[in-house]
Amino acid sequence: VFLIFKNFGSLDFGNVFGQAHGMANEPSGGTLTLICFLLLVGACGKSAQIPLYVWLPDAMAGPTPVSALIHAATMVTAGVYMTARSFPMFLHAPLAMDAVAIIGISTAFFAATIGLTQFDIKKVFAYSTVSQLGYMFVGVGTGVFSAGIFHLMTHAFFKALLFLGAGSVIHALSGEQDLRNMGGLRKKIPITCWTLFFASLAIAGVPGTSGFFSKDEILVGAYHYHPWVYWLGVLTAGMTAFYVFRAWFMAFTGEYRGKAHPHE
């Protein structure tokens, strides 16, 4: 922010972006590149990218409706929004764009691998948020800014639905969050079961759902950027589908393994 003020004499988006538009590209670095890299560090902290992601799963200790708000809309996506909004500067700083894309795909893949091993229903969805934020950064870093923001929007809805569904499950089981103490809840809390099922379809990117359209746009951009980013993105999408439905099947199918008396 200080560097922007020093170089552009203003912090107004219109003024700064207007001046940035006329500046030369910086293929080997420069002031704009430095500004973009520093903005990216802030965005990594705000939007839980590697290596600054560890706070987000810990923030799960709060009430579940708060988790839904934090993960869906207000807080964690601000870094993605700021990076996308600052595109006139990032377009002139290809090194910073590369960094955004690489950090994004690394975070998306890494967080998905952690999500595969969680037994706390909220932790599954928390690491899923970190992974999806990585996806958004891939969109922004590969130059398809609109796809990154589109995924920010679709993610807001299906992730809020997942968290509120998880909250309904936890409430039904008197505070139980361990998936190993669930099972067979489909007959006991059917409304929550099917609501969570449709949310799971969306985050898995099943064709026809919102997640499919936004992830597809990001993957198209990733393919044009570099095929390895695309294939890692496809693998991550598959892992997302696996761990979300792993949680759903552990909670709602089979025999009930807990001690509470579930109610809708």
Side-chain angles (χ1 to χ4, degrees), residues 1-5 8 11-13 16-17 20 32-91 93 95-112 114-115 122-123 125-160 162-163 203 214-215 218 233 236 240:
V1 170
F2 283 127
L3 267 177
I4 289 170
F5 191 77
F8 297 102
L11 293 176
D12 181 79
F13 278 158
V16 172
F17 296 160
L32 263 185
T33 304
L34 180 58
I35 288 170
C36 290
F37 266 110
L38 290 171
L39 287 175
L40 173 59
V41 174
C44 285
K46 187 70 172 167
S47 291
Q49 300 298 288
I50 283 177
L52 304 175
Y53 68 92
V54 292
W55 65 269
L56 193 145
D58 293 341
M60 290 300 88
T64 308
V66 177
S67 304
L69 267 179
I70 288 172
H71 284 247
T74 50
M75 191 167 75
V76 293
T77 52
V80 180
Y81 172 76
M82 182 271 298
T83 310
R85 183 77 190 268
S86 305
F87 78 92
M89 291 193 292
F90 276 87
L91 283 176
L95 289 177
M97 289 280 284
D98 289 344
V100 173
I102 290 166
I103 288 172
I105 196 65
S106 304
T107 304
F109 177 76
F110 179 67
I114 302 175
K122 284 180 76 176
K123 282 277 172 75
F125 298 150
Y127 283 108
S128 153
T129 300
V130 179
S131 183
Q132 298 307 306
L133 285 164
Y135 242 95
M136 295 172 208
F137 270 96
V138 173
V140 174
T142 55
V144 282
F145 299 97
S146 56
I149 293 297
F150 183 28
H151 194 52
L152 187 155
M153 282 297 295
T154 60
H155 174 263
F157 291 93
F158 56 67
K159 185 51 61 69
L162 285 167
F163 268 112
I203 193 171
S214 56
K215 284 187 181 185
I218 290 171
T236 301
T240 302

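- Here the side chains of M89 and V16 are in contact, with some heavy-atom distance below 4.5 Å.
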Set out, in order, the CA-CA distance, both residues' side-chain angles and the distance that settles side chain to side chain contact (heavy atoms under 4.5 Å, CB included) for T129 and F163, then state yes or no. CA-CA 11 Å; T129 300; F163 268 112; 4.1 Å; yes
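- At least one side-chain heavy atom of F137 sits under 4.5 Å from a side-chain heavy atom of L40.
- Within the model, atoms CZ of R85 and CG of L39 stand 13.0 Å from one another, a figure rounded to the nearest 0.5 Å.
- Other residues, nucleotides and ligands contribute at most 12 non-hydrogen atoms within 6.0 Å of the CZ atom of F87.
- Closest of all the heavy-atom pairs between A108 and T236 is O-CG2, 3.4 Å.
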Evaluate side chain to side chain contact (heavy atoms under 4.5 Å, CB included) for H155 paired with L152, printing each intermediate quantity in order. CA-CA 5 Å; H155 174 263; L152 187 155; 6.0 Å; no
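- Here the two rings, on F145 and F90, have centers that are 6.0 Å apart or farther.
- The CD1 atom of I105 sits 9.5 Å away from the CZ atom of F109 when rounded to the nearest 0.5 Å.
- Separation of atoms CE (M97) and OG1 (T142) is listed at 7.0 Å; rounding is to 0.5 Å.
- Side chain of S131 to backbone of A111: no donor-acceptor contact under 3.5 angstrom is found.
- Expressed to the nearest 0.5 Å, how far CG of L95 lies from CG of L32 amounts to 12.0 Å.
- Once rounded to the nearest 0.5 Å, the distance linking CD1 of I50 with CD1 of I103 reads 8.5 Å.
- Ring geometry for Y135 versus H151: interplanar angle of 30 to 60°, hence tilted.
- Between the side chain of K215 and the main chain of I203, a donor-acceptor pair closer than 3.5 Å is present.
- Side-chain contact between V1 and L11 is present, with heavy atoms from C-beta onward closer than 4.5 Å.
- F8 CZ to L3 CG: the interatomic distance, rounded to the nearest 0.5 Å, is 9.5 Å.
- The local environment of CZ in F157 is sparse, with at most 12 non-hydrogen atoms from other residues, nucleotides or ligands closer than 6.0 Å.
- In this structure, the side chain of T83 engages the main chain of G79 through a donor-acceptor pair within 3.5 Å.
- Pairing each heavy atom of S47 with each of V80, the nearest pair is OG-N, 3.3 Å.
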For M153 and S214: C-alpha separation, side-chain torsions, deciding distance, then whether side chain to side chain contact (heavy atoms under 4.5 Å, CB included) applies. CA-CA 9 Å; M153 282 297 295; S214 56; over 6 Å; no
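- The minimum heavy-atom distance between G104 and Q49, with the atom names listed, is CA-OE1, 3.7 Å.
- For the pair Y53 and C44, the minimum side-chain heavy-atom distance is 4.5 Å or more.
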Determine whether F37 and V41 satisfy the following criterion, side chain to side chain contact (heavy atoms under 4.5 Å, CB included), listing intermediate values before the conclusion. CA-CA 6 Å; F37 266 110; V41 174; 5.8 Å; no
